[in-house]
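Indexing begins at 1, ligand by ligand and atom by atom, following the structure's order.
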Amino acid sequence: MSSFVTCHALSILFFIVFSTLFSTNYGVFIKEFPEANVRKPVEKRSHLQFYLHDTLDGKSPSAVRIAGLPNSTFMNFTNTMIADDPLTGGPKPTSKLVGRAQGVYAMAAKNDVALLTVLNFAFLEGKHNGSSISIVGRNHVFDAVREMPIIGGSGLFRFARGYALANTFWVDSKTGDAIVEYNLFVWHF
Ligand SMILES: *[C@@H]1O[C@H](CO)[C@@H](O)[C@H](O)[C@H]1NC(C)=O
Ligand SMILES: *[C@@H]1O[C@H](CO)[C@@H](O)[C@H](O)[C@H]1NC(C)=O
Ligand SMILES: *[C@@H]1O[C@H](CO)[C@@H](O)[C@H](O)[C@H]1NC(C)=O
């Protein structure tokens with residue numbers, strides 16, 4: 001009888017200890033904040049303008065072919081490049097560096113010249129140093145202006161959405177080297 005009582009008391013004790021342990025926040029997978037408790041951040045709009053320098057040629061190319069059919073050339077379907085292109089405030093390669101475009105682009109159209117473009121713009125300038133904006137889109141390269149969606153951002157560009165407009169400022173049709181003007185219209189917090 002007494003051992004039954006002890007046993008019973010022990011299991012109650014265990015129940016209390018464990019239910020306390022598991023009701024604390026250790027290992028909470030997801031916690032939602034009711035809308036009413038969240039202070040609404042103020043949405044901002046920014047326009048960024050810069051020039052991207054994509055260099056395929058020479059001793060130190062900024063974009064390098066990483067995949068594609070063995071016989072494919074720059075403009076051929078399947079040709080895939082990885083890029084770390086400088087972004088400058090003005091169109092000249094010597095203009096002030098404001099960031100880098102790091103990402104991948106691939107020839108994704110069989111009977112056309114259209115890129116799948118996946119780029120992170122990593123900014124280096126002033127208070128935007130360390131913040132980034134990401135785009136994913138179709139770049140139909142011979143159009144005067146190509147629009148690509150902004151799908152997110154980090155740092156000062158958290159929750160970024162909007163669109164990027166690209167237009168070719170200069171291109172060397174032999175090498176594929178290009179300077180492209182980008183205008184980004186971005187909503188963010
Ligand atoms: C490249 O090779 C593939 C497979 O052999 C062939 O189908 C294609 O026509 C070739 N393309 C060129 C540009 O030579
Ligand atoms: C590859 O590109 C070259 C040069 O632009 C073009 O002449 C050729 O037809 C292309 N081949 C294929 C298979 O797209
Ligand atoms: C940007 O931030 C990096 C790392 O914090 C720092 O090394 C660099 O000097 C900064 N650049 C500018 C232009 O402020």
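None of T88, D177, D85 except one satisfies the side chain to side chain donor-acceptor pair (under 3.5 Å) rule with H53; the exception is T88.
Nearest protein neighbour of atom 13 (C) of ligand 3, counting heavy atoms only, is L124 O, 3.3 Å. Among protein heavy atoms, the minimum distance from atom 4 (C) of ligand 3 is reached at N129 ND2, 4.7 Å.
Annotation: H188 is not in aromatic contact with F159 [ring centroid separation under 6.0 Å not met]. Taking the six-membered ring for Trp and the full ring otherwise, F121 and F157 have centroids separated by 6.0 Å or more.
Relative ring orientation between Y163 and F185 is described as parallel, the plane-to-plane angle staying below 30° on a 0-90° scale split at 30° and 60°.
Within the 4.0 Å cut-off (strictly below), no protein heavy atom is located near atom 9 (O) of ligand 3.
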